[in-house]
Peer 1: 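Pasting a structure here, questions to come.
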Amino acid sequence: MNTPDSRADDRADSPADLVAAEDVLLFVNAAITATGQREFRSRAVDQQLSLDFLHTYVRVNYRRVYAASLALDINHHNAALIVRRLLETADEASPEERRTEGRLIAARLAALPPQRVYRLFGELRRAKVNNRRTRAIMRDWLAARPDLGHDAVKYRAGLKTVARHIHLPCPEGGAPLAEIGAFLFRPGKLPRYEHPLLDAWRRAHYEQGAVAELPFTVAEGFAARHGMKREVFLKRAAPRMTRLERLRTQEQRVVGDRRPGVDLTVMPLTRLALYVLSLGFQERSERRAELTGALRAAARRAAGAHAGSWGRVHAVLDDSFSSSGSGQKRRRPLAVALACHHLMEVLAVPGAYRGLWTSGARDALLVRPWGPTPLGMRILDALEPGADGAAPERLVVVSDGWDNAPAGLAGEVLRVWRHRLDPARRTAVVHVNPVYDAEGFDVRRLAAGVATAGIRDAEDLPALVEIARFAEGRTGPAELYAYLDRQVARFISGEGAAS
């Protein structure tokens, strides 16, 4: 990145650089885990205020690192916040910084869900951010959309806002852009549309048969307007549903005497874990083979080339009551732990994985949020050699870090283990935390010498373990900034965020 805060020179290990590296890691953890929503132990407003301070602090002091965070596996909420803050403060950047930021922003917007991008563009309009670079970024993103007609129907308000903000030309005539302009700003002027979705939307106002041709979220409103029975509507709309929409509505769709199944093996691992935890114990037991098989298939897909590369792995998995999350993030921490459990089983050498739940549960499929958090006791168990007498090569703790049975035991166990029993670090210890601590501006840590990283999706575990090593103190700031430089280069070249 070629910045004073990232230069690998004789000042790389100075106190200022060490503090800067700690600030960067703190922000990355927050950008991965925090979403501004309520958590088990903090309100949404606390999360938002804490996150707002961090974004302002890092943007002002480490602008290039702030922009480089777009190349990491941060969550969508923080990616949109970073893009907005960079565009709002374009006058604070040098020409070289603006060029790099523009490429990072374009690459990140292409990876974000379209509804979130339209929401971001609406926020920029309300903030009156309308410089030439912002308009160019919006125009380029719209030009890359595969079907603006689809967007006009599904994201009508968002597309209309963007078109007004950037003065998108909508010429008269029969061109597709002209049709979209008429659809957005002059509805009812054209007797029919050449674009099938636009015309289906027109016909759906008076024709029930056209409702099923629309995207599911749009069709739901028309179905309610026509008074269609839910079962009939869902049966007709099924071919146009996304995978997630089919999963959400499968309990409502009945074919004969049975509910249609959904191919769970193609679902993302963490999303699948959330679905499994939403089912009752009886249904999980009855569908054990199907659900376990799907989780293992998703884990193998997420592990990819990392499968079997972690050696002997022992894990401590938090299923205490706090893993129930909040009303906005229901069971999210427990779902991350369940997904990590299956992923680490694949990452470890076959037969060399051992997972310990804090509640003492032995059946991962039937875990539930329950009881205190005896992390210290479970870590002691996890550090014990396996059946063959060999110690684990890697210990992974998946928890929110609130060790309370007894309080502080986990940190003391890890401290003694590292300094007295394993000073050579034969066992690598990593703590991944799915919950952002608003008061501490970071994820809660178990011990000072333990590598800790925030996590939102279990699929990111291999990459997060690589980031966590920078927090352990064995690598310097130069290595951290070199890592960020590599991720920026990969991201801009089209290889995607760190994975």
Side-chain angles (χ1 to χ4, degrees), residues 1-8 20-21 23-32 34 51-114 116-145 162 165-166 467 477 480-499:
M1 288 180 288
N2 195 28
T3 61
D5 52 21
S6 65
R7 211 165 38 226
D23 289 343
V24 170
L25 290 170
L26 181 142
F27 177 71
V28 170
N29 281 338
I32 289 171
L51 202 55
D52 181 68
F53 169 79
L54 269 184
H55 274 265
T56 302
Y57 174 77
V58 177
R59 177 185 59 78
V60 171
N61 292 283
Y62 315 106
R63 185 181 180 96
R64 292 201 178 190
V65 172
Y66 185 67
S69 301
L70 291 173
L72 303 178
D73 274 317
I74 62 176
N75 62 48
H76 296 330
H77 176 75
N78 285 290
L81 273 177
I82 292 173
V83 171
R84 178 180 170 181
R85 301 292 178 86
L86 290 176
L87 293 176
E88 285 177 340
T89 59
D91 57 333
E92 299 176 6
S94 66
E96 180 188 350
E97 287 175 331
R98 283 198 292 270
R99 282 192 295 272
T100 303
E101 289 173 10
R103 297 170 69 185
L104 280 166
I105 288 171
R108 193 73 209 199
L109 292 181
L112 286 176
R116 194 174 287 273
V117 178
Y118 280 119
R119 192 184 311 150
L120 167 65
F121 289 166
E123 292 170 356
L124 289 170
R125 184 174 190 267
R126 288 188 290 275
K128 298 182 180 180
V129 179
N130 196 22
N131 51 62
R132 184 172 62 181
R133 184 173 68 148
T134 300
R135 292 196 301 272
I137 286 172
M138 290 181 174
R139 279 196 300 268
D140 290 346
W141 185 82
L142 286 178
R145 293 295 295 154
V162 176
H165 192 53
I166 65 174
I467 293 176
L480 172 60
Y481 293 123
Y483 172 80
L484 289 175
D485 285 338
R486 290 196 300 272
Q487 299 310 321
V488 168
R490 289 181 67 255
F491 194 59
I492 290 178
S493 68
E495 295 182 41
S499 59

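Along the sequence shown, the residues carry numbers beginning at 1.
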Peer 1: Please check: side-chain N/O of R98 versus main-chain N/O of A93, any donor-acceptor pairing under 3.5 Å?
Peer 2: yes

Peer 1: How close do F491 and A107 get, counting heavy atoms only, and between which atoms?
Peer 2: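 Heavy atoms of F491 and A107 come nearest at CE2-CB, 3.6 Å.
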
Peer 1: Fit a plane to each ring of Y57 and F53, take the angle between them on a 0 to 90° scale, and name the class: parallel (under 30°), tilted (30 to 60°) or perpendicular (over 60°).
Peer 2: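 Judged by the thresholds at 30° and 60°, the geometry between Y57 and F53 is parallel.
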
Peer 1: Could you tell me whether the side chain of S493 and the main chain of R490 form a donor-acceptor pair under 3.5 Å?
Peer 2: yes

Peer 1: Between the side chain of T134 and the main-chain N/O of N130, is any donor-acceptor distance below 3.5 Å?
Peer 2: no

Peer 1: Without swapping roles, check the side chain of R108 against the backbone of L70 for a donor-acceptor pair under 3.5 Å.
Peer 2: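 Yes, R108 side chain to L70 backbone: donor-acceptor pair under 3.5 Å.
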
Peer 1: Flag the pair Y481 / V24 as yes when at least one side-chain heavy-atom distance between them is below 4.5 Å, and no otherwise.
Peer 2: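 Answer yes - side chains close enough.
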
Peer 1: If I take atom CG from residue D91 and atom CG from residue N131, how far apart are they, to the nearest 0.5 angstrom?
Peer 2: 9.0 Å

Peer 1: State, yes or no, whether a side-chain contact exists between I467 and N29 at a heavy-atom distance under 4.5 Å.
Peer 2: no

Peer 1: Please check this pair: side chain of N78 against backbone of I32, looking for a donor-acceptor N/O pair closer than 3.5 Å.
Peer 2: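 Here the side-chain-to-backbone pair does not exist.
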
Peer 1: Shortest non-hydrogen contact from G102 to R133?
Peer 2: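 In terms of heavy atoms, the two residues are closest at N-NH1, 4.0 Å.
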
Peer 1: Taking the side chain as C-beta and beyond, is there a heavy-atom pair between F121 and R125 under 4.5 Å?
Peer 2: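 In short, these two side chains do not touch, never coming nearer than 4.5 Å.
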
Peer 1: Please determine whether a side-chain nitrogen of the Lys or Arg among E92 and R85 lies less than 4.0 Å from a carboxylate oxygen of the Asp or Glu.
Peer 2: no

Peer 1: Heavy atoms, side chains only, cut-off 4.5 Å: are V58 and D23 in contact?
Peer 2: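 The answer is no, as the side chains (C-beta and beyond) never meet within the 4.5 Å cut-off.
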
Peer 1: Side chains of R64 and T100: closer than 4.5 Å at any heavy-atom pair?
Peer 2: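 Answer no - side chains too far apart.
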
Peer 1: Between CZ of R84 and CZ of R119, what distance do you get to the nearest 0.5 Å?
Peer 2: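 The CZ atom of R119 is 12.5 Å from CZ of R84, to the nearest 0.5 Å.
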
Peer 1: What closest approach, in Å, do L112 and H76 show between heavy atoms, and which atom pair accounts for it?
Peer 2: CD2-ND1, 3.3 Å

Peer 1: For V83 and I137: C-alpha separation, side-chain torsions, deciding distance, then whether side chain to side chain contact (heavy atoms under 4.5 Å, CB included) applies.
Peer 2: CA-CA 11 Å; V83 171; I137 286 172; over 6 Å; no

Peer 1: Can you tell me how far apart OG (S94) and CZ (R99) are? Round to the nearest 0.5 Å.
Peer 2: 8.0 Å

Peer 1: Determine the minimum heavy-atom distance between E88 and A127, stating which atoms define it.
Peer 2: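 Closest pair (atom of E88, atom of A127, distance): OE2-CB, 3.7 Å.
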
Peer 1: State the CG-CG distance between L124 and L87, to the nearest 0.5 angstrom.
Peer 2: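 With rounding to 0.5 Å, CG (L124) is 5.5 Å from CG (L87).
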
Peer 1: Do the side chain of H55 and the main chain of A31 share a donor and acceptor less than 3.5 angstrom apart?
Peer 2: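 A pair under 3.5 Å: no.
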
Peer 1: Just by distance, do the side chain of R63 and the backbone of L86 share a donor-acceptor pair under 3.5 Å?
Peer 2: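 Yes.
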
Peer 1: Please test I74 against I82 for side chain to side chain contact (heavy atoms under 4.5 Å, CB included), starting from the C-alpha separation and ending with a verdict.
Peer 2: CA-CA 10 Å; I74 62 176; I82 292 173; 3.7 Å; yes

Peer 1: Does a side-chain heavy-atom distance below 4.5 Å link Y66 with F27?
Peer 2: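 Y66 reaches F27 side chain to side chain.
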
Peer 1: Distance check, rounded to the nearest 0.5 Å: M138 atom CE versus I166 atom CD1?
Peer 2: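 Result: 7.0 Å between the selected atoms.
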
Peer 1: Which heavy-atom pair separates L104 from A67 by the least distance, and what is that distance?
Peer 2: CD1-O, 3.4 Å

Peer 1: Determine the minimum heavy-atom distance between A80 and L120, stating which atoms define it.
Peer 2: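 The pair with the smallest heavy-atom distance is O-CD1, 3.5 Å.
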
